[in-house]
Structures are given as structure tokens and as C-alpha cells.
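Dumping the structure here so I can ask a few things about it.
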Amino acid sequence: MSDRDGRPDQSSDAEDAELCKRLRELDKRIGERRIDLGEDERDDAPRSPGVAVALRLSADFVAGVVVGGALGWGFDKLFDTSPWGLVVLILLGFAAGLLNVMRTAGIVRPRTGGPDEGR
């Protein structure tokens with residue numbers, strides 16, 4: 001608020017001070033309430049882990065198909081074998097994408113080593 005000459009009202013300073021005081025009190029009460037409820041103020045955990053897992057699974061699958069398609073297209077252009085390279089490598093990409101999804105979901109155990117691991 002200001003007078004006609006552009007200077008702020010004296011009453012606005014008192015209002016600002018009162019508002020700042022009320023905001024500090026509110027912030028303090030919110031912090032105490034969070035502690036009472038057992039919430040951590042730095043809660044970095046995702047709010048919906050199901051969505052994150054779904055996005056990861058879909059990205060694994062799509063990446064396999066897209067990479068297979070790109071390699072197949074390049075194979076066909078390089079060796080003039082159209083459309084067989086694209087078809088075969090898209091199918092391989094599909095299979096690789098499904099395998100990645102199953103590994104991520106925990107259905108299939110990931111391969112952890114080479115042939116000498118059992119020794």
C-alpha cells in the first residue's frame with residue numbers, strides 16, 4: 001500500500017512484521033506436526049513406485065524392439081537383403097525386450113557370470 005506520493009504506508013510495515021511472525025509460527029507448527037506423525041522432512045522416496053516400475057519395464061521392452069529394428073534396417077541397407085534383416089532382428093529385439101522385462105520383474109534370474117562361475 002502506498003500514499004499518493006509513492007511512499008509506503010507506515011501501517012504496512014507493522015502488517016508485514018505480523019505476517020512474518022504468523023508465517024514463522026505456522027512453519028514451526030507444521031514441522032512439529034511432521035515429527036509427531038513420523039514423517040521425514042527430506043522424504044526422497046517416490047510417491048508412486050508402481051508407476052516407476054511400469055515405466056522401467058516398458059522402456060526395457062521398447063528399447064529392445066527399437067534397437068532390433070534399427071540394426072535390422074541397417075543390415076538390410078548394408079547387404080540389400082530387405083526385408084529379412086529387419087524382420088529377423090525385430091523378432092530378436094522383441095525376444096531380448098521380453099527377457100529384459102522378465103529379469104527386471106524378477107521372473108527370470110539374471111545371469112551373473114561366465115562358464116567358470118561354478119568352480
Contacts of type side chain to side chain contact (heavy atoms under 4.5 Å, CB included), residue L78, not counting sequence neighbours
none
What pairs meet the side chain to side chain donor-acceptor pair (under 3.5 Å) rule with one or both residues in residues 18-29, with sequence neighbours excluded?
none
Give the cluster check for L98 versus V53: same hydrophobic cluster or not, with ILVMFWY residues linked at side-chain heavy-atom distances below 4.5 Å.
yes
Throw together a table of side-chain donor-acceptor distances under 3.5 angstrom for residues 86-97, partners on residues two or more places apart or in other chains.
none

Scan residues 56-76 for pairs that pass side chain to side chain donor-acceptor pair (under 3.5 Å), counting only residues two or more places apart or in two chains.
D60-T104, D76-T81
Check which hydrophobic residues are tied to I30 through side-chain heavy-atom contacts below 4.5 Å, counting indirect links as well, and list them.
L26
Check for me, please, whether V65 and V101 land in the same ILVMFWY cluster - side-chain distances under 4.5 Å, paths through other members count.
yes
